[in-house]
J.: 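My structure is below; once you've seen it, I'll send some questions.
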2 protein chains.
Amino acid sequence: MSALDAILNDIDADLDNALERLFAFLRIPSISTDPAYAGQCREAAAWLATDLTALGFQTSVEETSLHPVVLAHKPKPGAPHVLFYGHYDVQPVDPLDLWTHPPFEPRIATGPEGHRTIVARGASDDKGQVMTFVEACRAHLAMAGELPCGVTILIEGAEESGSQGLPEWVAANRDKLGCDVVLVCDTGMWDPKTPQITSSLRGLCYFEVKVTCADRDLHSGFFGGAARNPIHVLSRIVADLHDADGRVTVPGFYDGVHERPAEVIAQWRGLGMTPETLLGPIGLKEPAGEKGRLPLELVQSRPACDVNGIWGGYTGEGTKTVIASTASAKVSFRLVDDQDPAALARSFEAFVRERVPADCSVEVVTYKGSRAISLPFDMPELTAARAALEAEWGVPAVTVGAGGSIPIVGDFKRILGKDTLLIGFGLDDDRIHSPNEKYDLTSFHKGTRSWARILSALGARG
Amino acid sequence: MSALDAILNDIDADLDNALERLFAFLRIPSISTDPAYAGQCREAAAWLATDLTALGFQTSVEETSLHPVVLAHKPKPGAPHVLFYGHYDVQPVDPLDLWTHPPFEPRIATGPEGHRTIVARGASDDKGQVMTFVEACRAHLAMAGELPCGVTILIEGAEESGSQGLPEWVAANRDKLGCDVVLVCDTGMWDPKTPQITSSLRGLCYFEVKVTCADRDLHSGFFGGAARNPIHVLSRIVADLHDADGRVTVPGFYDGVHERPAEVIAQWRGLGMTPETLLGPIGLKEPAGEKGRLPLELVQSRPACDVNGIWGGYTGEGTKTVIASTASAKVSFRLVDDQDPAALARSFEAFVRERVPADCSVEVVTYKGSRAISLPFDMPELTAARAALEAEWGVPAVTVGAGGSIPIVGDFKRILGKDTLLIGFGLDDDRIHSPNEKYDLTSFHKGTRSWARILSALGARG
């Protein structure tokens, strides 16, 4: 039996104890967004610090502007070093009456298909996922007496509050966070049988546009046909954002967007995501974006533009014959690859301004802009992790992008200069942020085994 | 001295008494929209009925579904018969603290240019205007013992509440309202020296459009680029409503729209309304509608389309990365001449539907549709009234359209089959519906003299 097999066997044998530890963690109602639970957040941090100290990590609980972070070190000179990130805080539990059992009394339930699940707030997001990594470390330490590589664990307590205070803390403590690669366990599987590494995240640029025409609201009977209507001006701007092929028309928008290698596209095509599988569950059939692209490309590796809100004039019941003075929209862009948020902000504002009549005015507010994140396809840690996941699950790991943005990953890249492997074992039906959140027992068990393999694989590279 | 001169002299001599009567009327707080003032509305109706009875009119106060109407008859067999319409109810007075004097304590004030004004709620809209007609009748009766033509006076008490109940009452009492022409005194002068007859009113079609794409709100990170965004669909519809020349693009929209005779256009051109005079006061410079048209044409004799409201997605502070499930707009059309609201409703709905993707849906609600009203330019009563007004004011009366819609005028046409001459003496600075409403003493005095002349002129036609 190899050393790794012994470690995996230990994980199997220790599963009940691992569940007891997870349940103790889940019983702490560490709701970060509600100040009433600040003490419980601190308690969750302390619980984790105690456990990691017992494992031999050099552990501290460090203050941020909101809830403290847990920081744990176990260096291994000469070996690669990984930084693992997760969060101990959880979402609020309302509406409480939709929970079939109290959210902070974790239990094992049997799912509709006979599989067992861990049910509690935080079971999947993110305590259960955090503990897959901790348990993997525990097994390595129990059976081998050491970890395969140096490990720093950073578990924050404000992720569900927008990671308030974390980027500042990371910037101020970058010397404590040295590593070769970052690991994050806060994402999902491709499906219950197929592991996934999220290899890219889209960036985001978010604007608010406010068009002003007349200096007051007007009676449409007296002025209709002669006075400029800001809703018309704004609608023209929005309509002009896309051409007939679904491409964004803001000049220079596609600068820095790269085509994926043919083999990546082929892999994606093989995953079988169709318009029906992507859009059917939300009541749609036809992809709306760029023509001739796979649905998976559209949401993961292609940039996009969406108006997230629009308002102006009378919006109440019945009728009012008004020509509004102003109309507003919130407009955001998802960015990929090397698209530059600053360049887009300039180009978008010019695009808007040239569509506003000379006697009207427009205000363009830039809320935020973050670049896309993407891993090099030939990154050695990515290759190693994929092999480890395939060994555990028996099928190749899917490597895809995620359409959303996870700001902390950008912060790690910006502040520490390091790439992040996003590997998680959540499933689409985990009901994170909703009542009756669950984490499949398989996710927890095989997730722990997956991390044990990944740690070995990364350590073997040293 | 002609009989008419004697009547006009009597009006001059009796001005102080006429003001006392008007003040008594103005002291009654007949606010129709506030149920607390229902008794005062009834009191105003009774006051008017008493005065008209004293003048020898056969008078009744008749119930409607809201406040009563005052109906007064003075037939003159063999002579033309006119139906005069006005309203005794007034707008609410809030914000009360902006009134320099109590709104129901009428007084004579001196305006900034030394001219005298009657200040009170209802002074201009519409008690002062109603009394110009009543005082003209009084002078005729005092000096000639009779009116030049048959007169029916209909004064309602719910105009500021959308004339609730009046169309039904008119329909049920059409046999009491027989006439050759309707006279309305609830509009304004072209300017303080130039009288005006409003010879057309635009019609109105009002719709609400609701586009639904996905069956729930979506995360724009997960779906942006692939899921249809209803704000984009709706903005395209709105943008498509006008072409680059400012013309409405709904098929068949201009069916039934007629060009005005060259001499009318020439007259309008001579009035000197420029983009600057129309739009300058509201902070704009360039007309937005159909290219190559006079500003006066655009707002009075040309149809128009305005989106009166639009909403969808996130409209609060800051950012939310949502793709909304629905987006809505309120869209109205001002109609002229023979445009058919029913045909427009069909054409607009088809226009909308063909711009909604097959996997999305749209709901089009039709709130209301009313045809435009316009007088024949060669109508004898119009010619007679213009001459009478020119005789009083020393300058030709301007004959223009009004951009807004006055539904009761359409009801008179529809139910009684009669055209309406809209002749009023209000001024743009009368602050109707606002604090410190006023009516120029000149408007009241020369307005009364104008009606005396018009009655004579119309009677002479018999």
Side-chain angles (χ1 to χ4, degrees), chain A residues 202 204 206 213-216 218-229 231-232 235-236 238-239 242 278-279 282-290 295 298-299 302 304 306-315 318-323 327 330 332 334 357-359 367-368 403-405, chain B residues 202 204 206 213-216 218-229 231-232 235-236 238-239 242 278-279 282-290 295 298-299 302 304 306-315 318-323 327 330 332 334 357-359 367-368 403-405:
Chain A
R202 293 198 287 191
L204 180 67
Y206 205 113
C213 293
D215 59 13
R216 70 203 71 179
L218 306 173
H219 188 301
S220 72
F222 300 159
F223 286 98
R228 190 72 61 176
N229 185 323
I231 297 175
H232 300 187
S235 295
R236 164 61 55 200
V238 172
H242 294 88
L278 177 66
L279 301 175
I282 56 169
L284 293 173
K285 290 175 182 165
E286 291 296 324
E290 292 178 88
L298 291 174
V299 295
R302 299 296 300 177
D306 271 293
V307 177
N308 306 106
I310 192 166
W311 67 101
Y314 181 67
T315 61
T319 65
K320 184 177 178 184
T321 49
V322 65
I323 299 176
K330 294 183 192 274
S332 67
R334 297 284 169 178
D359 59 348
Y367 278 115
K368 51 189 169 191
S405 308
Chain B
R202 294 198 286 191
L204 179 66
Y206 205 111
C213 293
D215 60 14
R216 68 203 74 178
L218 306 173
H219 189 300
S220 72
F222 301 158
F223 286 98
R228 190 73 61 176
N229 185 323
I231 298 175
H232 300 187
S235 294
R236 163 61 56 201
V238 173
H242 293 89
L278 176 66
L279 301 176
I282 56 168
L284 293 173
K285 290 177 182 165
E286 292 295 324
E290 292 178 271
L298 292 175
V299 296
R302 298 297 299 176
D306 271 292
V307 177
N308 306 106
I310 192 167
W311 67 101
Y314 181 68
T315 62
T319 65
K320 183 177 178 184
T321 49
V322 65
I323 299 175
K330 294 184 192 272
S332 67
R334 296 284 168 177
D359 60 347
Y367 278 115
K368 50 188 168 191
S405 307

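Side chains are part of it too, since the values below use all heavy atoms of this structure and drop only hydrogens, waters and symmetry mates. Each chain gets a letter, A, B and so on, in the order its sequence line appears, and its residues count up from 1.
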J.: Specify which of L279(B), L204(B), T315(B) makes the most heavy-atom pairs with chain A at under 4.5 Å.
T.: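 Ranked by heavy-atom pairs under 4.5 Å with chain A, first place is T315(B).
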
J.: Apply ring pair (Phe, Tyr, Trp, His ring centres under 6.0 Å) to F222(A) and list each qualifying residue two or more places apart in sequence or on a separate chain.
T.: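 Applying ring pair (Phe, Tyr, Trp, His ring centres under 6.0 Å) to F222(A) gives H219(A).
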
J.: For V299(A) and A226(B), which heavy atoms make the closest approach, and how far apart are they?
T.: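 It is CG1-CB, 3.5 Å.
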
J.: For residues H232(B) and V307(A), determine if any side-chain heavy atom of one lies less than 4.5 Å from a side-chain heavy atom of the other.
T.: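 Yes, close enough: below the 4.5 Å cut-off.
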
J.: Using a 4.5 angstrom heavy-atom cutoff, name the option from G283(B), G312(B), P295(B) with the most pairs to chain A.
T.: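 Looking at each of G283(B), G312(B), P295(B) in turn, G312(B) comes out on top.
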
J.: In terms of heavy-atom pairs under 4.5 Å, which option from D215(A), I310(A), I231(A) contacts chain B the most?
T.: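 Answer, by heavy-atom pair count under 4.5 Å with chain B: I310(A).
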
J.: Between chain A and each of I323(B), V238(B), V322(B), L218(B), count heavy-atom pairs under 4.5 Å; write down the option with the most.
T.: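 Answer, by heavy-atom pair count under 4.5 Å with chain A: V322(B).
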
J.: Measure R236(A) against the heavy atoms of chain B and call it side chain, backbone, both or neither at under 4.5 Å.
T.: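 Its backbone and side chain both get close to chain B.
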
J.: Go through A304(B), G313(B), G224(B) and name the one with the most non-hydrogen pairs under 4.5 angstrom from chain A.
T.: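 Most heavy-atom pairs within the cutoff with chain A belong to G224(B).
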
J.: Roughly how far, to the nearest 0.5 Å, is the CZ atom of F223(A) from the CG atom of D306(B)?
T.: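 The CZ atom of F223(A) is 12.0 Å from CG of D306(B), to the nearest 0.5 Å.
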
J.: Any side-chain heavy atom of S220(A) sitting closer than 4.5 Å to one from N308(B)?
T.: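 Yes; the side chains approach each other to less than 4.5 Å.
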
J.: Among all residues two or more places apart in sequence or in another chain, which pass the side-chain contact (heavy atoms from CB on, under 4.5 Å) test with A288(A)?
T.: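 Scan of A288(A) (side-chain contact (heavy atoms from CB on, under 4.5 Å), adjacent residues dropped) gives R228(B).
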
J.: In terms of heavy-atom pairs under 4.5 Å, which option from E290(A), R302(A), R216(A) contacts chain B the most?
T.: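 Max contact count across the listed options: R216(A).
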
J.: Is chain B contacted by the side chain of Y314(A), its backbone, both, or neither, given a heavy-atom distance below 4.5 Å?
T.: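 Both the backbone and the side chain of Y314(A) come within 4.5 Å of chain B.
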
J.: Under 4.5 Å, counting heavy-atom pairs only, tell me which of G289(A), G318(A), P357(A) racks up the most with chain B.
T.: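 Most pairs with chain B among the choices: G318(A).
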
J.: Non-hydrogen atoms of chain A under 4.5 Å away: do they reach the side chain of K330(B), the backbone, both or neither?
T.: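 The side chain, not the backbone.
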
J.: Most heavy-atom pairs under 4.5 angstrom with chain B, which of A327(A), S332(A), A239(A)?
T.: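 Between A327(A), S332(A), A239(A), the count favours A239(A).
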
